[in-house]
Amino acid sequence: MAVKRKSNWYIYFTAFGITIAFVVVAVVAFRWYLFPEEKTQTGVDSNSGLTENYRPTEADNFNTLFMLSRGASDNPELFLLIEYNAVENRIVLIPLSSGISVKSKGMTLTDIYGTLGGQGIVDVVEDITGVECESYAMFDQNVFTDIVQSFGNVKYNVPKTVIITDEINAEIINAGDKLFSAEALFRYIMQADFGEGELYRFNIIGDILSSLINQNFRELDSARLSSFFSSIISDCETNANSQEFSSHLASFLYLVDYGSSPAEYYIPYGEYTADGGFDISDNSIITIKQKAGLL
């Protein structure tokens, strides 16, 4: 009589389960070897320092729009396109004439902010320059001076004597070397009467703000960068978020370690129009794109 063999299906099933479990454990245990791009994605180690193998790529480049007003309830008067080219360790400050929007929108940038807010400004700047802005932030005097005060003063050679006036006081800033505090810096770029037109004022603004960065950027670390960004998130009108900051932290730290006078400025050139606008030259737009690493 034939003997019926007992089925061993449960043995195979158990072996299959163990094999699957082993594969899962192996993938989890060796994921950094299997997927090395995840290891170097942030470039920041457990101590919030820069990893040795990190190098910035074009993905770390970004552009943002900075706006500055005199008071929290005021519309901004100063507009800066800030291009951060992480690959070249370069920050380019580009003051923008409020009139660049007249031709395309029928309003100045200040008017557009009053109607459409910061995103409306971003849309116009992107349309005219062809440079996509990752974020924007609108500072008032208090936020600006608080951040600059914690960042550092700036030594600057004032090219000519100017008068700063407000509704109450008048102040004279003489030509020559001067140490600007945060409050003095704000008054100088926002209230001084330079008397030589908008483009001259933009050159002063670009020069002194880039000097501010170049004189103080070496003192930055993860903690200070996080503090600055937290102040922006909590005290400014902005569409920036913590994920954006985290994605660029490594490139900021790389700039601090390896940059050399990274900040510069560029003043767009063009023509003022009869309707009060400002048409940026096509060649100037090309330069703006080049500095952003787009060409």
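As the structure is a computational prediction, the values presented were derived from the model and not from experiment.
A donor-acceptor distance shorter than 3.5 angstrom exists from the side chain of S98 to the backbone of L109, with no hydrogens or angles considered. Counting only distance, with no hydrogens or angles, the side chain of N239 and the backbone of Y136 share a donor-acceptor pair below 3.5 Å. Counting only distance, with no hydrogens or angles, the side chain of N153 and the backbone of Q149 share no donor-acceptor pair below 3.5 Å. A donor-acceptor contact shorter than 3.5 Å links the side chain of T64 to the backbone of S135. Listed for the T110 side chain is a donor-acceptor partner under 3.5 Å among the backbone atoms of P76. The backbone N or O of D123 sits nowhere less than 3.5 Å from a side-chain atom of D127 that would complete a donor-acceptor pair.
Crowding of E132 atom CD: a count of heavy atoms from other residues, nucleotides or ligands under 6.0 Å not exceeding 12. Counting heavy atoms of neighbouring residues, nucleotides and ligands inside a 6.0 Å radius, atom CG of D275 exceeds 12 of them.
Checked against a 6.0 Å centroid threshold, the rings of Y188 and F194 count as neighbours.
At a cut-off of 3.5 Å, with distance as the only test, a side-chain donor of N53 or T51 sits close to an acceptor on the other residue. Looking only at atom types and distance, the side chain of E83 has no donor-acceptor partner in the side chain of Y266 under 3.5 Å away.
Ring geometry, F139 versus F66: the interplanar angle falls from 30° to 60°, so the pair is classed tilted.
You'll find the side chain of I121 stays beyond 4.5 Å of the side chain of L116, heavy atoms only. Using a 4.5 Å heavy-atom cutoff, the side chains of V131 and E126 are not in contact.
Ion pairing of K291 with E264 is present here, as a side-chain N (NZ or NE/NH1/NH2) and a carboxylate O approach within less than 4.0 Å.
Note on V102: it does not cluster hydrophobically with V124, by side-chain heavy-atom contacts below 4.5 Å among ILVMFWY residues.
With sequence neighbours left out, Y84 forms a ring pair (Phe, Tyr, Trp, His ring centres under 6.0 Å) with F62, F252. Considering only residues two or more places apart in sequence or on other chains, E88 meets the salt bridge (charged side-chain N to carboxylate O under 4.0 Å, His left out) condition with R90.
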